[in-house]
Structures are given as C-alpha cells and as structure tokens.
Amino acid sequence: MVIQQTIHNFEQGDVVLPETGRPVVRSNEGVISSGHYLTSMAGMKMLMAGGNAFDAMVAASLAAAVVEPIASYSLLAEGVFMLYDSDSGDLTSLNGQGGAPGAATPEFYRSRGHERIPTGPGLDAPLSFTQPGIVDAFTAMLERYGSLSFAEVVAPAISYAEDGIPHYEYMLERLKSRSGQEQFDNFPPGGWDVFYDGRQVPAPGALMVQPGLANTLKTMRDASLAETDSRSASLQAARDAFYCGPIARQFVESTKAVGGIFTMEDLAGYHSKFAEPVTTTFNGHQVWGQDTWTQGPMLMQALNILENFDLRAMGHNSPAYIHTVAETLKLCFGDREAFYGDPDFAAVPIDGLLSKEYAAERAQLIDPEGAYPAQPQPGDPWKYSKLSGKTAPQVMAEPIYAGPDSSGDDGTTHVSVLDKRGNLVCGTISGGSFSKSVFFPELGACPSTRIEMFNCEPGHPNVVEPGKRPRTTLVNYIVAKDGQPVMTVGCPGGDNQVQGNLQLILNSLVFGMDPQQAVESPRFATASNVNSFYPHVYYPGQLDLEDGIPERTADALRAFGHKIHRTANCGLGATVSARDPKTRSLSTGADPRRACYALAL
C-alpha cells in the first residue's frame, strides 16, 4: 500500500535549506561586491547618483582605505585593476602598483647588511617603503572612463573618516595582533590613538574616527574643487596635491624621519599605467589578466596545463582533482620565481610561458599518484618564445618544515562592480600593513612595503631597480565568452591569490557554480613555494586545506605524498561577478570568510 503524504508550507520554515549561506545578489541595473558593507555602499551611492561602474569602483576603493585598514590597505599603497568599457570596447589592465625609490639598489641594501629587502615588525621597515600608486590609478581611471567629479567620489570616504564608523568584529579581531601592536610601539604613537581605546581593543560598535586620513582626503578634494577649468584639470589637481603638493611633502618628511629613502622626485615621477592584458583560452572562454609585473600569468599557465586533464571526471575537490591542480600550481610557481618581473625592465618570454605546447610539455611532469616534495625547477619557455634569453637562477629560501599558518595573510581587499551599461571593473587593492610598515597619524595611513618582493640578484628579472615595480602578488581577471566579457574574478590572499582565483574559475567554468557557490566552496593552496613576502618562508611539500575539505580526502592526499596542513582559509574575500550577455542580468556574491558584502541596485 502506498502512503500518500502531503507537504505543507508553514510560515516558520522551508522544507530544504539553501545551498549557500548567502544568496546570489542579482540585478539588471548594477551590482557591487567588496570586503565590507560600507565599502560597497560607497560605490552603490555613485550608481544611484547616475555614475558608472568606474565611478563606483573609485568611490568604494577610497572608502575601503577608511573602512578596511586591517586588510593591509591604505591610501599610501597600491592596486591593480581589470576593466571593460562598453562604449569604447576597451578591455585593459590598470597598473597602480608603486615602484622602488631612486636610492633602492642591490648595493644599497647589501651595504645595510640585507640580502633581501626587510619589513616589520622591526626598525628596518622604512627601507621597504614603496611609491604610493593607488591615487594616480584612481584619477587615471576617472579621467579615461569615469563620469563624476573627484569631489563626488571621495565624499563617502571623507564622511566615514571624519564622522566615524562603528568598529566591527572582523577588524577588532585583527587589532589583537601582537605584531601590529609591536610595530606601533617601534614607531610611536603608531595607530594606538586612532584604532584603540586606551591601548585596549574597543568594543564592537564603538566609534572609529580617523582625523589624519580625513585631512588627507579633504586636501585632495579641496585641490580638485579649486581647479575649475575642466573636469580633467580638476582630477589632475587632486592627483598633484598627493604627488607634488602638501601630501607629498608630508609623506617625504614623515618617512625620512623614521629612516625612509624617499624624495619628492620619487613621488612626482610616478604614473600608473594602462596596459594590454595577457590572455589564454580555456573551456570555450577567454581569460584576461595582468602581465608579469604581477604573478597573474600563473593562472593562464595553470589553465593551459589543466586542459590536458579531465577535471570534471575527477570530481570537484576529489583527491585526484586537488592533487592535479596543486601539482600544476607548483610547476607554475617554479616558473614564476625564474621568469616573472616588470617587463619594462626585463625580457620575459611571456609568449613561451603561455604557449599551449609548453603547457603540454609541463603537464607530462605531473605524476598522478605522487607529489613534488619541493618547489619544482623552472621549465624552458624560451624555446617556445620569439625572444631569446636564459633562465635566471632561482632565489630560494631556507626550507621550514613546521611552522605557523602560512596562508592566514589578512592583507588585501577586492572590489568588483558591474553596471547596466555593460561596464565591468574589478580591483585588488592592498599595501600598508600595520605589522610590516609604519603608521603615520598625520597622514592617517601606512605606506606600502611591496618592494619587499624584489630580490637583490643582478640579472634576475625581479631584481630591485629604481622606478621598477616589484612582481606583485595582486591580481584579478576578466573572463569573456564569444568575445563578450561575462565575468570578473578576484581573491585576496598573498601567494594564494592566483590559487584562489584559479579555483573560482574552475568552479565556474568546469563545474557550473553560480557566483556565491564558487566563492563559498572550500579551497586549498600549496605552500611548497618561496613566499613572496619577507622573510620569504618556504614549506616544502605542504598543502593547505580549509576545514570544509573532508578528512578522508586529506588522508588520500597524504598517501600521494602531500604534507597536509589545516587552515582557516586559503584566500579570503573572494568575488565572482557575472553578466549574462543575452538577458543583461548581473549577479555577484560575497565571501563569508570575512566581512564581505554584495549589493544590487
């Protein structure tokens, strides 16, 4: 006998829970996702005022300097962007990464007893101060693609800094960091008076006011308002106040007082750069990202290698899948350490690195049942390149076989904006860590220390040189289908950025996940590479797994030879934003690993 059951819909609950902890945010008018709800709201205000995605990106990123300083991001730091402008058809990258000051040479650092450029915590941190690149990138983006004035886009950030915002839990947890507090004591008063209450971590909801940062922002705003000839001249005035005017003078004075090596010429000479992105194809899509002044092309290399495997048949996050992706990334890290650097200063065989033939050759090196015990040696992309050259020796670090969480980098945040006009823009903004830099209350921010990513080896593509940009970890991507940009992808996390972004793209393009599923899915990352950040730790054979990956999977990976390390996150603050070119529907998600928030218009 069949027993018929009736399912009743009750007001107090659903029959089935959603697949994700947060919903996909959808709209036809505009979407934004960032590392904090107030950051997202700053950008949303621009869309509501009739601005476009680029206006919203700059407003949100300026606000993030106020709201998210614990994401190791400040107005004295850097950012990298991928942009698609529907009016012009431009698909371009924007390099807002600062470079080395004029006195920064291998000889200078070795004369100070350093084989690598040091950062904090410690008194040598000022030797790693880097040209601030983000402000010039903002004004360049606004001038080429934006529509609103500088005063309009900076208004939310000024309000947040001057009137204050409530302290929030994610930030307060990071204010407990002993290394950040130690660095404040090394260079008093540091941020004690701005972020703490009598040297105690404030309660959630306590007001955080940042007068120094408010003054810096208002100085740029006032300069822009004083210039009335044209919108372009007004934007240039805001930029000049920062790089040639009172802010620059304060920056040079403050940094020299603690042992920095910057001059006014180092600031005035800086300019961000629009550049042709590099690209590859994968699974019927084209993926675009920054050149080798970042670690970005690693992702294209990895996709080319992974084309040689049936990932879908392996199953998402199965032992075979995780092993294959992790081993692929190890090969790419080997190439990164040997070949990547600022292409304005070094010959880089990018055509060889991204050739499908080279990828097929590298794919043969992956053992389906055995893990590389260390960072692999680089390949020979020169034979697939139109350029000629030789492989630089790898600059290795001393192996560390046990240590703290190698993937718990709090730094960096990400913003993604899509608008109804068909514009897409994403930015990964970072620099100015409390524990690695020096907080200057008079400016309200910490300078970037990104030149720590250089080495001091003559002839290496990433050797430190005046004006050169370090091979930054900051990356993001635009994905196109049939010639139409359809997706932005970004994931903060240091050396885990490419690794997280790769998994977001595979989640989306191979396994068909929506933007929220793609970011919530558990991630993994190899730590078997020389870390980009000082002191450049190295954990041979280590594979980090987030807690959401089952222990039976970890056991299978151990059997392959991986040294499993459990971690809270493998990149945090990830975002996938998508546009359906047929329906013009826009969608985005927000990573629950931090205080991220997505909004729709």
Side-chain angles (χ1 to χ4, degrees), residues 22-68 71 73 75 79 81-86 134 137-138 141-142 145-166 168 170-171 217 221 413-429 476 487-490 492 515-516 519 573-580 584-592 594-601:
R22 297 185 183 183
V24 180
V25 172
R26 301 184 187 274
S27 171
N28 292 329
E29 297 292 309
V31 295
I32 180 170
S33 182
S34 79
H36 192 274
Y37 37 90
L38 292 178
T39 301
S40 293
M41 182 53 70
M44 181 55 66
K45 287 179 177 179
M46 301 304 109
L47 296 179
M48 294 173 70
N52 63 25
F54 310 108
D55 300 313
M57 168 59 69
V58 174
S61 300
L62 286 165
V66 183
V67 177
E68 303 179 59
Y73 165 58
L75 203 64
F81 303 87
M82 287 295 299
L83 312 90
Y84 172 71
D85 175 59
S86 61
I134 194 69
F138 289 158
M141 187 188 303
L142 287 172
Y145 300 116
S147 62
L148 301 180
S149 68
F150 186 82
E152 288 172 300
V153 299
V154 78
I158 291 174
S159 175
Y160 291 162
E162 193 166 41
D163 301 331
I165 64 169
Y168 56 98
Y170 182 86
M171 179 168 180
L217 293 165
R221 179 203 61 190
T413 189
H414 183 80
V415 181
S416 174
V417 191
L418 282 60
D419 68 26
K420 65 181 179 181
R421 301 171 178 87
N423 300 313
L424 291 77
V425 57
C426 58
T428 306
I429 47 182
N476 41 65
M487 186 184 300
T488 72
V489 182
Q516 191 61 39
V519 301
T575 302
V576 173
S577 299
R579 179 180 185 270
D580 186 327
R584 293 183 292 179
S585 173
L586 311 174
S587 58
T588 191
D591 195 339
R594 69 191 297 176
C596 298
Y597 219 81
L599 297 174
L601 179 61

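Model, not experiment: these values are computed from the prediction. Just so it is clear, the values below take in all heavy atoms, side chains as well, and ignore hydrogens, waters and symmetry mates.
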Legend entry - For Phe150, all residues meeting ring pair (Phe, Tyr, Trp, His ring centres under 6.0 Å), sequence neighbours excluded: none

Legend entry - Nearest heavy atoms of Ser86 and Arg421, plus distance in Å: OG-O, 2.7 Å

Inset, instruction - Verify the neighbour count for atom CZ of Arg584: are there more than 12 heavy atoms of other residues, nucleotides or ligands below 6.0 Å? - result: no

Inset, instruction - Determine the minimum heavy-atom distance between Ile165 and Val66, stating which atoms define it. - result: CD1-O, 4.5 Å

Inset, instruction - Just grab all the side chain to side chain donor-acceptor pair (under 3.5 Å) pairs involving residues 42-56, residues at least two apart or on different chains. - result: Asp55-Ser147

Legend entry - Derivation of the side chain to side chain contact (heavy atoms under 4.5 Å, CB included) call for Val58 and Leu148: CA-CA 10 Å; Val58 174; Leu148 301 180; over 6 Å; no

Inset, instruction - Would you check, one step at a time, whether the test side-chain hydrogen bond (donor to acceptor under 3.5 Å, both in side chains) holds for Thr488 with Ser416? - result: CA-CA 7 Å; Thr488 72; Ser416 174; 2.7 Å; yes

Inset, instruction - Looking only at non-hydrogen atoms, find the nearest pair between Met57 and Val415 and report the distance. - result: CE-O, 3.2 Å

Legend entry - Nearest heavy-atom neighbours spanning Leu217 and Ala161: CD1-CB, 4.4 Å

Legend entry - From NE2 (His414) to OG1 (Thr575), nearest 0.5 Å: 5.0 Å

Inset, instruction - Looking only at non-hydrogen atoms, find the nearest pair between Val31 and Ala600 and report the distance. - result: CG1-CB, 4.1 Å

Inset, instruction - Using side chain to side chain contact (heavy atoms under 4.5 Å, CB included) as the criterion, list what pairs up with Arg22, not counting sequence neighbours. - result: Gln516, Glu520, Ala590, Pro592, Cys596

Inset, instruction - Return yes if some donor-acceptor pair links the side-chain N/O of Asn476 with the main-chain N/O of Met82 below 3.5 Å, else return no. - result: yes

Legend entry - Among Val25, Leu418, Val576, Val24, the one residue meeting side-chain contact (heavy atoms from CB on, under 4.5 Å) with Ser587: Val24

Legend entry - CD1 on Ile32 to OG on Ser27, rounded to 0.5 Å: 12.5 Å

Inset, instruction - Enter the distance from Leu75:CG to Phe138:CZ here, rounded to the nearest 0.5 Å. - result: 7.0 Å

Legend entry - Pair listing, salt bridge (Lys or Arg N to Asp or Glu O under 4.0 Å) test, anchored in residues 23-39, at least two apart: Glu29-Lys420

Legend entry - Pairwise distance OH(Tyr73) to CD1(Ile429) - rounded to 0.5 angstrom: 4.0 Å

Legend entry - For Ser33 against Gly589, the heavy-atom pair lying closest together: OG-O, 2.7 Å

Legend entry - Euclidean distance, Asn28 CG relative to Leu586 CG, rounded to 0.5 Å: 6.5 Å

Inset, instruction - Any chance you could measure Phe54, atom CZ, to Asn423, atom CG, to the nearest 0.5 Å? - result: 4.0 Å

Legend entry - Which residues share a side chain to side chain donor-acceptor pair (under 3.5 Å) with Thr588, sequence neighbours left out: Ser577

Legend entry - Test side chain to side chain contact (heavy atoms under 4.5 Å, CB included) applied to Tyr37 - qualifying residues, sequence neighbours left out: Tyr168, Tyr597

Legend entry - Side-chain heavy atoms of Thr413 within contact of Thr39, under 4.5 Å: no

Inset, instruction - Let me see the working for Glu68 and Tyr170 under side chain to side chain contact (heavy atoms under 4.5 Å, CB included), right down to the final yes or no. - result: CA-CA 10 Å; Glu68 303 179 59; Tyr170 182 86; over 6 Å; no

